[in-house]
Amino acid sequence: DAGITQSPRHKVTETGTPVTLRCHQTENHRYMYWYRQDPGHGLRLIHYSYGVKDTDKGEVSDGYSVSRSKTEDFLLTLESATSSQTSVYFCAITWDKNSPLHFGNGTRLTVT
Amino acid sequence: QKEVEQNSGPLSVPEGAIASLNCTYSDRVSQSFFWYRQYSGKSPELIMSIYSNGDKEDGRFTAQLNKASQYVSLLIRDSQPSDSATYLCAVNLNRDDKIIFGKGTRLHILP
């Protein structure tokens with residue numbers, strides 16, 4: 001989607017390795033969110049950010065960490081990837097928490 | 001109790017009929033409600049947002065909000081095969097900045 005880019009789009013990694021997913025926005029939006037999507041579970045919130053260096057946990061934060069050192073970038077790190085973290089990861093942004101989210105194209109992560 | 005609940009479906013509706021999708025939420029102080037549509041392999045895209053009790057119409061889509069009963073619904077009139085998708089309900093939890101989604105309802109429009 002215009003204004004929000006996720007990288008990489010696809011990644012295959014081995015159990016136990018660290019993985020970092022990047023979300024980059026050009027909209028100067030304050031709020032950024034990381035979700036994972038799995039069959040039967042819908043979109044589940046992992047972590048979110050409400051400003052530079054301001055982050056908080058979501059519904060399924062165990063095994064994940066995030067960082068936001070600049071307005072435009074929100075990084076999601078899997079410190080030691082596990083097979084249960086195989087999923088599609090979506091980043092979303094919004095300028096106000098009561099406004100709709102705009103989603104990136106997603107990252108498909110496979111942990112073998 | 002999950003904070004946002006939807007019937008996962010699939011919901012099958014004949015072409016041209018009205019499709020009715022429902023969502024309930026647990027946080028009574030929630031203020032913002034959203035419906036997204038997601039095609040297989042794609043990102044969610046916004047259909048409608050609603051903030052006040054009552055109905056909000058946009059083309060063939062009508063969102064309905066009842067805060068007293070804590071539910072929000074989406075009606076799709078004159079359903080088309082292109083409406084076949086998963087519909088996601090999202091709620092902003094007013095106590096913090098979280099936006100929580102239901103599991104989504106798969107809608108199948110029968111030609």
Side-chain angles (χ1 to χ4, degrees), chain A residues 1-7 9-10 23 25 27 29-61 66 68 74 87-108, chain B residues 1-10 21 23-27 29-52 56 58 61 63 65 72 74 85-107:
Chain A
D1 198 9
I4 179 169
T5 305
Q6 290 186 235
S7 59
R9 291 294 314 278
H10 302 272
C23 179
Q25 59 142 331
E27 306 296 323
H29 284 351
R30 177 182 176 189
Y31 295 89
M32 300 185 76
Y33 298 79
W34 277 109
Y35 293 90
R36 61 177 290 176
Q37 187 170 39
D38 307 286
H41 291 279
L43 283 164
R44 291 182 291 176
L45 180 64
I46 305 172
H47 281 280
Y48 63 101
S49 171
Y50 46 96
V52 174
K53 292 186 167 52
D54 292 324
T55 65
D56 204 348
K57 296 179 179 180
E59 305 168 279
V60 290
S61 59
V66 290
R68 190 166 179 204
F74 192 32
S87 187
V88 178
Y89 291 85
F90 285 102
C91 176
I93 64 174
T94 183
W95 68 277
D96 180 89
K97 65 178 183 178
N98 290 311
S99 297
L101 293 171
H102 299 277
F103 284 85
N105 288 328
T107 294
R108 183 172 295 276
Chain B
Q1 177 189 7
K2 190 167 167 52
E3 291 173 298
V4 181
E5 300 212 46
Q6 295 180 254
N7 188 323
S8 61
L21 305 163
C23 172
T24 59
Y25 59 96
S26 61
D27 188 350
V29 299
S30 297
Q31 296 292 323
S32 309
F33 308 87
F34 309 96
W35 282 101
Y36 292 83
R37 177 176 62 197
Q38 186 177 26
Y39 294 113
S40 181
K42 300 297 185 182
S43 304
E45 54 182 355
L46 179 73
I47 298 176
M48 294 190 69
S49 55
I50 187 166
Y51 304 95
S52 304
K56 179 181 178 181
D58 184 1
F61 299 94
L65 175 61
V72 57
L74 180 70
T86 296
Y87 289 79
L88 301 164
C89 172
V91 178
N92 174 285
L93 301 184
N94 206 48
R95 64 177 183 270
D96 50 35
D97 297 321
K98 294 179 182 177
I99 300 175
I100 302 298
F101 284 78
K103 293 185 179 181
T105 299
R106 285 183 294 137
L107 175 64

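Since the structure is predicted, the reported quantities are computational estimates derived from the model, not experimental observations. Convention: sequence-line order gives letters A, B, ...; per-chain numbering from 1.
- Comparing A90(B), G104(B), S49(B), S43(B) by how many heavy-atom pairs each has under 4.5 Å with chain A, the most go to S43(B).
- Interface residues of residues 94-101 of chain A toward chain B, defined by a heavy-atom distance below 4.5 Å and sorted by number: K97(A), N98(A), S99(A), P100(A), L101(A).
- In this structure, R37(B) pairs ionically with E45(B), as a charged nitrogen and a carboxylate oxygen lie closer than 4.0 Å.
- Salt bridge status for D38(A) with R36(A): present, with a side-chain N to carboxylate O gap under 4.0 Å.
- Note on I99(B), L46(B), N92(B): by heavy-atom pairs under 4.5 Å with chain A, the leading option is I99(B).
- Two rings, from F101(B) and F34(B), have their centers 6.0 Å or more apart.
- In terms of heavy atoms, C89(B) sits closest to V72(B) at SG-CG1, 3.7 Å.
- Heavy atoms closer than 4.5 Å to chain A are found in the side chain of Y51(B), but not in its backbone.
- Within the 4.5 Å cutoff, no side-chain heavy atoms of I47(B) are placed close to those of Y36(B).
- A 6.0 Å sphere centred on CZ of R108(A) holds no more than 12 heavy atoms belonging to other residues, nucleotides or ligands.
- Between L45(A) and I100(B), some side-chain heavy-atom pair lies under the 4.5 Å cut-off.
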